[in-house]
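Here the structure comes first, spelled out in structure tokens, and everything after it is commentary.
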Amino acid sequence: MRWDYKKMQEEILPGKETQDWLWEEIEKKVVTKEGKSRDLPWLKAAVSVAAAVAVLVVLLPQTSWAEQVTGFLKEFFYAGADVKQNIVSNVYEDEGKYGHVRMQIRELLSDGACVYFNICYEASDAEGEEWLAEQEFDGESIRFANIDNEAAKSSGCEWELREQEEMATEKARYFTFYYRDISGNFYLKDTARTLFYPMYNSQGIGEINITTNLDTVSYRLEGEGSPSRYYEPRYLVVSKLSYAVLGKDKGTYFKYINTYGGLQYQMTKGFEDELDARWEQGKYGMDIVFIMADGSKLDASVGNGMGGDPIGVPGVDYVVTSGCFNSDENDWRKNSTIEDPDALTALELDGIHYDLVKEDISE
């Protein structure tokens, strides 16, 4: 029971920064006339979730509280992920050719490799309500157009659409959308992508501006050895949300071949045998550990891809691994964040240690 209560708090309460600020405000409000505060340690330990919510309603803007428990933050991130300041609002709106329903992208978060956004469909009349109630939504009905730029011709991607059914009303339905390029290229930053989506008796098509204020940092890897004789890791490109380790192909010949509706690949027999041996041991991704300047570590071994074809980085032609930050193998659909990508000092790939030296690898 105590564990369930703690987990419930973690799910619904704000992140640490917001909680620290909140307690400062509470302390100000409970100071006595003599200037002495009451028993705050007892207050912190005993205050109920209901009381905390009541205080939040008074002290915080309503939109901030909503952002804590709804949308892509709830669906794709661990509780407490501090990315609210990087969310772009009021991204896109369309009422379609015939009206009756309005589609809005209200919030978007991206680092150039990952894209998250919240979608709201809202009916404006009874006819719109009927269409909205009957319309089926899935990852094919709402999706980006086929990749057509040079930086991604050899890459793969993954995306997911989730409906927040608990928020639905007669007039509105809410969705979260997630898209990630697995090529190791952060080419989506500050670009426009064509999105397909359903509208009342018509096909919606619009240009979505992938605006981001999240920077990437690149490092040169210094160390001896490699997790495999078929490639040599050379660089790390990392943001607050995701990462890519780029290297030199030494015999993998691992190339993605894009086909409509699927992704095929080819590789050398030796590298294929090596991967088969890993998979037989239950290793479906590369063990990757990020080491911070303070000595703390983040194990991001879950949900990362291997292989790819990086574009525009001199001296590399292979994506060793790329992915989002996830440290829970039992919940691979939730992501973490790195507070400061500039504060990394070392990296471990399948137990091989590399020191990190900042180096600009852009052309």
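Because the structure is predicted, anything quoted here is derived from the model rather than measured.
Residues Leu246 and Tyr318 form no side-chain contact, since every pair of their non-hydrogen atoms from C-beta on lies 4.5 Å or further apart. The shortest distance between side-chain heavy atoms of Ile119 and Gln104 does not fall below 4.5 Å. Between Asp355 and Thr345, every side-chain heavy-atom pair lies at or beyond the 4.5 Å cut-off. The shortest distance between side-chain heavy atoms of Val238 and Thr216 does not fall below 4.5 Å. Contact annotation: the side chain of Cys324 approaches that of Arg180 to within less than 4.5 Å [non-hydrogen atoms, C-beta and beyond]. Considering only heavy atoms from C-beta on, Tyr121 comes within 4.5 Å of Pro198 through its side chain. Side-chain contact between Val237 and Tyr219 is absent, with no heavy-atom pair separated by less than 4.5 Å. Using a 4.5 Å heavy-atom threshold, the side chains of Tyr243 and Leu236 count as touching.
Classification of the Tyr231-Phe271 ring pair by plane angle, with boundaries at 30° and 60°, yields perpendicular. Ring geometry, Phe117 versus Phe177: the interplanar angle falls under 30°, so the pair is classed parallel (tilted spans 30 to 60°).
When atom types are taken as modelled, the side chain of Thr268 and the backbone of Gly251 share a donor-acceptor pair closer than 3.5 angstrom. Using a distance-only test at 3.5 Å, with no hydrogens or angles considered, a donor-acceptor pair links the side chain of Gln164 to the main chain of Gly71. At least one donor-acceptor pair closer than 3.5 Å links the side chain of Thr212 to the backbone N or O of Ser110. Side-chain atoms of Ser239 come within 3.5 Å of backbone atoms of Ser242 as a donor-acceptor pair (strictly under, hydrogens ignored).
A salt bridge links Glu222 and Arg220; the closest N-O separation between the charged side-chain nitrogens and carboxylate oxygens is under 4.0 Å. One finds no salt bridge joining Lys250 and Asp317 here, because no Lys/Arg side-chain nitrogen approaches an Asp/Glu carboxylate oxygen to under 4.0 Å.
Screening residues 233-247 for salt bridge (charged side-chain N to carboxylate O under 4.0 Å, His left out), with sequence neighbours left out, gives Glu232-Arg234. Annotation: salt bridge (charged side-chain N to carboxylate O under 4.0 Å, His left out) contacts involving residues 130-139, sequence neighbours excluded, are absent.
Between the side chains of Thr211 and Asn209, no donor-acceptor pair of N or O atoms lies under 3.5 Å. No hydrogens or angles considered: nothing links the side chains of Tyr230 and Asp249 as a donor-acceptor pair under 3.5 Å.
Taking every heavy atom of both residues into account, Gly247 and Val320 meet most closely at N-CG2, 4.1 Å. Residues Val217 and Pro341 come closest through the heavy atom pair CG2-CB, 4.0 Å. The two residues Val91 and Val88 have their closest heavy-atom pair at CG2-O, 3.6 Å. For Pro233 against Val245, the heavy-atom pair with the smallest separation is CB-CG1, 4.2 Å. Taking both residues in full, the closest heavy atoms of Arg106 and Cys120 are given as NH2-SG, 3.5 Å, listed atom of the first, atom of the second, then distance. Residues Tyr354 and Pro227 share a closest heavy-atom pair of OH-CD, 3.6 Å.
Partners of Glu274 under the salt bridge (charged side-chain N to carboxylate O under 4.0 Å, His left out) rule, at least two apart in sequence or in another chain, do not exist in this structure. Under the rule for a side-chain contact (heavy atoms from CB on, under 4.5 Å), the partners of Asp340 that lie at least two apart in sequence or sit in another chain are Asp342, Ala343. Take Asp273 and apply the side-chain hydrogen bond (donor to acceptor under 3.5 Å, both in side chains) test, not counting sequence neighbours, and it matches Lys269. For Arg173, the salt bridge (charged side-chain N to carboxylate O under 4.0 Å, His left out) criterion is met by Glu163, not counting sequence neighbours. Judged as a side-chain hydrogen bond (donor to acceptor under 3.5 Å, both in side chains), and not counting sequence neighbours, the contacts of Asp125 are His100. For Glu207, there are no salt bridge (charged side-chain N to carboxylate O under 4.0 Å, His left out) partners, not counting sequence neighbours. With sequence neighbours left out, the side-chain hydrogen bond (donor to acceptor under 3.5 Å, both in side chains) criterion links Lys171 to Glu129. Residues that satisfy the side-chain hydrogen bond (donor to acceptor under 3.5 Å, both in side chains) test with Ser202, not counting sequence neighbours, are absent from this structure. Listed by chain and residue number, Asp215 satisfy the salt bridge (charged side-chain N to carboxylate O under 4.0 Å, His left out) test with Lys189 (two or more places apart in sequence, or in another chain).
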Residues Glu95, Tyr200; criterion side chain to side chain contact (heavy atoms under 4.5 Å, CB included); working and verdict = CA-CA 9 Å; Glu95 294 187 353; Tyr200 181 88; over 6 Å; no
Derivation and outcome, side chain to side chain contact (heavy atoms under 4.5 Å, CB included), residues Met199 and Lys97 | CA-CA 8 Å; Met199 293 299 293; Lys97 183 178 180 180; over 6 Å; no
Starting from the C-alpha separation in whole Å, work towards a yes-or-no answer on side chain to side chain contact (heavy atoms under 4.5 Å, CB included) for Lys297 and Met292.
-> CA-CA 6 Å; Lys297 296 183 178 182; Met292 319 298 174; over 6 Å; no
For the pair Glu160 and Arg143, evaluate salt bridge (charged side-chain N to carboxylate O under 4.0 Å, His left out) and give the outcome as yes or no after the intermediate values.
-> CA-CA 9 Å; Glu160 184 176 358; Arg143 59 181 175 82; over 6 Å; no
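Summarising the hydrophobic clusters (Ile, Leu, Val, Met, Phe, Trp, Tyr; side-chain heavy atoms under 4.5 Å, direct or chained), the residues clustered with Val289 are Ile291.
Interatomic distance, Glu339 CD to Leu298 CG, rounded to the nearest 0.5 Å: 12.0 Å. Taking CD1 of Ile210 as the reference point, atom CG of Leu108 lies at 5.5 Å (rounded to 0.5 Å). We find the CZ-CG distance between Phe290 and Leu356 to be 9.0 Å, quoted to the nearest 0.5 Å. Rounding to the nearest 0.5 Å gives a distance of 10.0 Å between CD1 of Ile87 and CG of Leu214. To the nearest 0.5 Å, atoms NZ (Lys248) and OG (Ser226) are separated by 14.0 Å. To the nearest 0.5 Å, atoms CD1 (Ile105) and CD1 (Ile142) are separated by 8.5 Å.
Of the options Asn335, Thr176, Asp111, a side chain to side chain donor-acceptor pair (under 3.5 Å) to Tyr116 is made by Asn335 and by none of the others.
Taking the ring centre of Tyr179 as origin, the terminal cationic atom of Arg193 falls inside the region bounded by 6.0 Å and 45° from the ring axis.
Counted within 6.0 Å of CH2 on Trp131, heavy atoms from surrounding residues, nucleotides or ligands total more than 12; the atom is thus considered enclosed.
Remark: aromatic rings of Phe137 and Phe175 are close, center separation under 6.0 Å.
The hydrophobic clustering, which links ILVMFWY residues whose side-chain heavy atoms are closer than 4.5 Å, places Trp279 and Leu349 together.
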